[in-house]
Undergrad: 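Take this structure, written in structure tokens, and hold onto it; I'll ask about it next.
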Amino acid sequence: MKGLFPVERLERLQTPFYYYDTELLRQTLRAINEEAGKHEHFVVHYAVKANANPKVLRYIREAGLGADCVSGGEIEASLKAGFPASKIVFAGVGKSDWEINIGLDNDIFCFNVESIPELEVINALAEAKGKVARVAFRLNPNVGAHTHANITTGLAENKFGIAMNDMMTVIEKASELKNVKCVGLHFHIGSQILDMSDFEALCNRVNDLQKELERHRIMVEHINVGGGLGVDYQHPNRVSIPDFKAYFNTYAKKLKLRPGQTLHFELGRAVVAQCGSLFTRTLFIKEGAVKKFAIVDAGFTDLIRPALYQAYHKIENVSSDLPTETYDVVGPICESTDVFAKQIDLNGTRRGDLLAIRSAGAYGEIMASQYNLRRLPQAYLSDEIV
């Protein structure tokens with residue numbers, strides 16, 4: 001275990017902190033570009049909501065990916081990191097006027113629109129600036145995904161997207177407005193999806209929609225299928241790079257693009273999850289009546305996924321070579337849900353030992369809070385640790 005991390009150098013840092021393996025990030029980005037590059041007209045954006053660390057964003061921008069944003073702040077962060085505005089898409093079910101204006105002022109590639117009221121507001125704001133906004137309509141395909149209920153987004157019961165039956169009404173409405181131009185359709189069915197049949201189902205739905213549009217002599221420039229590709233949280237060392245080949249091949253084989261259309265993706269978790277780890281130090285070992293607790297200095301303020309989604313993260317004691325013992329790994333927050341893992345085997349753990357909570361590069365640092373007036377965790381890239 002110690003060989004995976006520069007433990008002696010990490011021991012000197014104040015915990016809790018995030019550590020990003022930049023070499024693994026580079027390898028992941030190369031794999032994305034290699035596999036997507038095999039298919040003409042595939043365009044990949046990075047979902048900034050997964051991790052907006054400025055240094056991480058810089059690596060992703062240098063790899064040539066675009067940016068998928070869901071807030072004005074993410075647009076600002078993307079521009080600051082050097083992403084061209086022409087590669088920025090702005091999604092989200094509730095866009096404030098100031099956020100829309102940031103997109104308009106910078107002439108971003110596209111707004112992914114989720115309702116007629118939103119479309120009308122974008123048109124009015126664009127008119128005030130003498131501009132025409134490029135928009136894509138996010139449709140709710142009513143396609144389920146084999147994932148956690150809290151991160152399923154493509155069902156009719158979810159708040160996201162325009163109902164399928166309303167597609168033609170929305171497109172016709174856009175044609176009446178002078179300051180918006182419909183350029184595409186947008187979909188997203190959920191996150192942490194590992195079953196390619198879910199993406200095949202989306203392809204089938206998009207194919208049917210395209211036929212419907214053609215019956216009305218409507219052609220769009222691009223199709224955006226979101227992201228959703230998951231990672232292997234159980235085996236971060238053995239499966240450190242997701243199966244991008246299977247992912248992109250699924251769309252290449254199953255989705256029928258029309259001549260001249262581009263296919264856009266919005267990968268987030270799959271790009272950054274495996275390169276990040278949350279490091280925390282053991283404060284106390286508490287012997288309970290029926291179990292043993294390893295109490296650490298990180299809490300759900302630093303990594304909320306286990307508390308929010310009951311998510312699994314592999315935990316490793318990088319300080320110990322002692323025989324394994326069974327622990328509940330818990331944090332210091334005054335909430336019963338502040339638990340990282342229950343009844344897991346760790347190398348014998350003592351006060352001061354450094355634990356690595358793996359696969360934390362996505363929805364980790366970005367979701368940190370200051371509940372209990374705790375400090376936000378610091379973050380370091382591997383090429384900074386000397």
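Please read these numbers as outputs of a predicted model, since none were measured by experiment. Positions are given from 1, in the same order as the sequence printed here.
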Undergrad: Using side chain to side chain contact (heavy atoms under 4.5 Å, CB included) as the criterion, point out the one residue from I357, L283, V329 that pairs with V296.
TA: V329
Undergrad: Looking only at the side chains, is there a donor atom on one of R269 and S191 sitting less than 3.5 Å from an acceptor on the other?
TA: yes
Undergrad: Go through the side-chain N and O atoms of H39 and N249 and say whether any donor and acceptor fall under 3.5 Å apart.
TA: yes
Undergrad: Does a side chain donor of either Q343 or T326 reach within less than 3.5 Å of an acceptor in the other side chain?
TA: no
Undergrad: Taking atom CD of Q234 as the centre, report whether more than 12 heavy atoms of other residues, nucleotides or ligands fall under 6.0 Å from it.
TA: yes
Undergrad: Using a cut-off of 6.0 Å, state whether more than 12 heavy atoms not belonging to R375 lie near its atom CZ.
TA: no
Undergrad: Under a 4.0 Å N-O cut-off, is there an ion pair linking R134 with E221?
TA: yes
Undergrad: Between K95 and F90, is NZ or CZ placed under 6.0 angstrom from the six-membered ring centre and within 45° of the ring axis?
TA: yes
Undergrad: Go through it in stages, so that I can follow the logic: the residues are V135 and E118, the test is side chain to side chain contact (heavy atoms under 4.5 Å, CB included), and I'd like the CA-CA distance, side-chain angles, deciding distance and then a yes or no.
TA: CA-CA 11 Å; V135 301; E118 178 189 341; over 6 Å; no
Undergrad: Taking the cut-offs as 6.0 angstrom to the six-membered ring centre and 45 degrees off its axis, would you call R26 and Y59 a cation-pi pair?
TA: no
Undergrad: Going by the side chain to side chain contact (heavy atoms under 4.5 Å, CB included) test, name the single residue among L57, I60, V272, V271 that passes it with N51.
TA: V272
Undergrad: If the plane angle is over 60° it's perpendicular, under 30° parallel, otherwise tilted; pick one for Y233 and H313.
TA: perpendicular
Undergrad: Does a donor on one side chain sit under 3.5 Å from an acceptor on the other, for H186 and E266?
TA: yes
Undergrad: Using 4.0 Å as the upper bound for N to carboxylate O, is an ion pair formed by E35 and K245?
TA: no
Undergrad: For N33 and A63, indicate whether the former's side chain and the latter's backbone hold a donor-acceptor pair under 3.5 Å.
TA: yes
Undergrad: Considering residues, nucleotides and ligands other than K38, do more than 12 of their heavy atoms fall under 6.0 Å from its NZ?
TA: yes
Undergrad: Side chains of Y20 and E365: do they bring a donor and an acceptor to under 3.5 Å?
TA: yes
Undergrad: Less than 4.0 angstrom from a charged side-chain N to a carboxylate O is my criterion; do E212 and R215 meet it?
TA: yes
Undergrad: I'd like to check D297 versus D302 (side-chain heavy atoms, cut-off strictly below 4.5 Å). Are they in contact?
TA: no
